[in-house]
Amino acid sequence: MMIVMKEGATQEQIQAVVGRVESVGCSAHVSQGELLTVIGAIGERDRVTALGLEGAPGVDHLVPILKPYKLASAQFRKGERSVIEVDGRKVGGDHFTLIAGPCTVESREQTLAVARTVADSGAAMLRGGAYKPRTSPYSFQGLGAEGLRFLQEAKDETGLPVVTEVMDARDISDVAEVADVIQIGARNMQNYPLLSEVGRTGIPVLLKRGLASTLEELLMAAEYVLKEGNERVILCERGIRTFETGYRFTLDLLAVPALHELSHLPVVIDPSHAAGRRDWVKPMSLAAAAAGADGIIVEVHNEPEEAICDGPQALPTEEFADYAEQVRQVAEVAGKAVSTV
Ligand code: PEP
Ligand code: MN
């Protein structure tokens, strides 16, 4: 249930509503806009209805949220899109955010080389995994804490905020020291304790859609983070499993307009993991920008042929400036402003 307060409702009136909602065992999430305050009451709808808040001091009206996800639903923001701040940069709304970097952090030299290139060519954030979800336990698993140090150095030098994955709740505090955005990978989208724990850090979260998850399941996963009071969630479509074996995953671009209808959260596209091949990354990136995506997260490498992980899909650093420029042009046609700072 959403409780919409009257314009000019006082703090006492807001607190009184919060108190009454909590008194019946529900939780209250206060969202204060410029003019209006909306209180999301999460819990059993019957209990909130029974409070008779309609007509209570400061309350304008009540709106039931029928979707199973509440805080993530478009209704929760009354159709207004969320704009998320990451270290001074804006994600969502009219902004288009290009996030680029290697699949995995391999060395200091590689991380800095890629970070410098993408910073010079219009990326707003640096991606790179220090903890890698690998299908085989015998594959390289990431540099861990050492990788985090290289990311920190790249951030100090280029000023780019860092997007990096956490897979194990025991690593959250280390990752949180470096990450400006914590990535939850596709394979962990339904790791609910991890989502809650990451939500509690208050650090923005990039939540990737599971390999075989519906949009509703993705939004329910986002709800776990939002429920912890962390409002900065970025959804990411990275390709799903279908019967098609001609490419790595099927990039579901309809997820962009569909998620924009269902939710107020920004939606970014990862063309790299879907395509699996660098020559398919640009067409899918341009299509994503044209579809109204709020951004792209793309893999880039200074020596793709030597990459430890996902080399065939990595854009070479030499090609990144042209790529970024073309994406920018299409994003602008779709009505977005590409923000680098
Ligand atoms: C990644 O971004 O490096 C990654 C492993 O992605 P996904 O979780 O989407 O497979
Ligand atoms: Mn990868």
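Counting starts at 1 for both ligands and their atoms, following the listed order.
Restricting D310 to its N, O or S atoms, the one at the least distance from the Mn ion (ligand 2) is OD2.
Of the charged side-chain nitrogens involved, at least one lies within less than 4.0 Å of a carboxylate oxygen, so that E231 and R77 count as a salt-bridged pair. Under a 4.0 Å N-O distance rule, the pair E332/R328 qualifies as a salt bridge. A salt bridge is absent between D94 and R81: the closest approach of a Lys/Arg side-chain nitrogen to an acidic carboxylate oxygen does not fall below 4.0 angstrom. Salt bridge status for D310 with R248: present, with a side-chain N to carboxylate O gap under 4.0 Å. R127 has a carboxylate O that lies under 4.0 Å from a charged side-chain N of E299, or vice versa, which qualifies the two as a salt bridge. Under 4.0 Å is where a charged nitrogen must lie from a carboxylate oxygen, and between D252 and R209 at least one such pair does.
Taking a 4.0 Å cut-off on heavy atoms, R209 fails to register as neighbouring ligand 1.
Between K132 and ligand 1, at least one pair of N/O atoms sits closer than 3.5 Å. Some N or O of K208 is nearer than 3.5 Å to an N or O of ligand 1, by distance alone.
Numbered from 1 in the order shown, with element, the atoms of ligand 1 that lie under 4.0 Å from a heavy atom of R187 read 7 (P), 8 (O), 10 (O). Listed by number with element, the atoms of ligand 1 under 4.0 angstrom from any heavy atom of G185 are 8 (O). The R238 neighbourhood of ligand 1 comprises atoms 7 (P), 9 (O), 10 (O), with distances under 4.0 Å to a heavy atom of that residue.
Remark: the T117 side chain and the T317 side chain contain no N/O donor-acceptor pair separated by less than 3.5 Å.
The Mn ion (ligand 2) does not have C309 among its coordinating residues (no N/O/S atom, backbone or side chain, under 2.8 Å).
Taking atom 4 (C) of ligand 1 as the reference point, the nearest protein heavy-atom neighbour is H273 NE2, 3.6 Å. With respect to atom 8 (O) of ligand 1, the closest heavy atom belonging to the protein is A186 N, 2.8 Å.
Only the side chain of P133 comes within 4.0 Å of ligand 1, counting heavy atoms alone; its backbone N, CA, C and O stay farther away.
Angle subtended at the Mn ion (ligand 2) by E299 OE2 and H273 NE2: 80°, rounded to 10 degrees.
For the side chain to side chain contact (heavy atoms under 4.5 Å, CB included) with L219, the qualifying choice from L262, V233, L207 is L262, the only one to do so.
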